[in-house]
*Asks:* 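Could you have a look at this structure, given as structure tokens, before my questions?
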Amino acid sequence: MPFSEFNVKGNLLTLEVRSEITKKRFNTICKEMDQAIKALGRIRLVLVMRHYPSFNSAEDFYDDLRFLRLYDHAIDKVAVVCDRFWKDTWVGIFSLFSGIRMDFFEITQVQQLAQWIQRN
């Protein structure tokens with residue numbers, strides 16, 4: 001199952017976002033999510049959002065991650081890794097509106113992220 005957007009290990013998908021998600025990339029992400037869910041069933045995601053220049057508002061965050069809303073029925077949880085701690089508020093807001101279990105991790109919290117994403 002070849003993926004251009006996701007790194008896949010078991011039912012864990014990792015996506016790196018460094019800029020606004022264009023319509024073309026959004027469509028590719030959705031196609032690959034369809035493939036992963038069909039092959040794996042329920043999945044878990046790690047979203048790595050580093051040095052992301054347009055990530056300046058909750059609206060930008062919500063717009064770029066809108067694909068999560070399409071697949072919330074098949075997502076167990078999402079860990080958002082970001083290099084700026086104050087963005088954890090946006091993760092909390094998004095999880096309220098999406099119904100997906102989400103948590104924020106700083107890039108230095110790799111151990112905590114691994115423990116959280118693997119827990120039921």
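The structure presented is a predicted model; accordingly, all values stated were derived computationally and were not measured.
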*Asks:* Is there a side chain to side chain contact (heavy atoms under 4.5 Å, CB included) between Leu40 and Leu13? Walk through the geometry before answering.
*Replies:* CA-CA 10 Å; Leu40 303 169; Leu13 280 65; 4.1 Å; yes
*Asks:* Please check this pair: side chain of Lys77 against backbone of Trp116, looking for a donor-acceptor N/O pair closer than 3.5 Å.
*Replies:*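 Side chain of Lys77 to backbone of Trp116, a donor-acceptor pair under 3.5 Å: yes, one is there.
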*Asks:* How far does CZ of Phe26 sit from CG of Leu65, to the nearest 0.5 angstrom?
*Replies:*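 The CG atom of Leu65 is 10.5 Å from CZ of Phe26, to the nearest 0.5 Å.
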*Asks:* From Leu113 CG over to Asp103 CG, what is the distance, rounded to the nearest 0.5 angstrom?
*Replies:*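 Going from the CG atom of Leu113 to the CG atom of Asp103 covers 8.5 Å.
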*Asks:* Specify the closest pair of heavy atoms between Glu16 and Arg25, including all atoms of both residues, with the distance to one decimal.
*Replies:* O-NH2, 2.7 Å
*Asks:* Answer whether the closest heavy-atom distance between the side chains of Met33 and Ile43 falls below 4.5 Å.
*Replies:*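 Yes, side chains in contact.
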*Asks:* Would Leu12 and Ile107 show up in the same hydrophobic cluster when neighbours are defined by side-chain heavy atoms closer than 4.5 Å?
*Replies:* yes
*Asks:* Going only through I, L, V, M, F, W and Y residues with side-chain contacts under 4.5 Å, is there a path from Leu70 to Leu47?
*Replies:* yes
*Asks:* Applying side chain to side chain contact (heavy atoms under 4.5 Å, CB included), can you list everything that pairs with Thr108, at least two apart in sequence or on another chain?
*Replies:*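 Result, side chain to side chain contact (heavy atoms under 4.5 Å, CB included) vs Thr108: Glu106.
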*Asks:* Knowing that exactly one of Val80, Leu68, Ile100, Ile117 qualifies, which makes a side-chain contact (heavy atoms from CB on, under 4.5 Å) with Leu45?
*Replies:*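 Exactly one pass, corresponding to Leu68.
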*Asks:* Can any side-chain N or O of Tyr71 pair as donor or acceptor with the backbone N or O of Cys30 at less than 3.5 Å?
*Replies:* yes
*Asks:* Can you find a heavy atom in the side chain of Phe105 that is under 4.5 Å from one in the side chain of Val46?
*Replies:*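 No; the side chains remain at least 4.5 Å from each other.
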*Asks:* Among Thr28, Thr14, Ile29, which one satisfies side-chain contact (heavy atoms from CB on, under 4.5 Å) with Phe6?
*Replies:* Ile29
*Asks:* Any salt bridge (charged side-chain N to carboxylate O under 4.0 Å, His left out) pairs touching residues 27-44, not counting sequence neighbours?
*Replies:* Arg42-Asp76, Arg44-Asp76
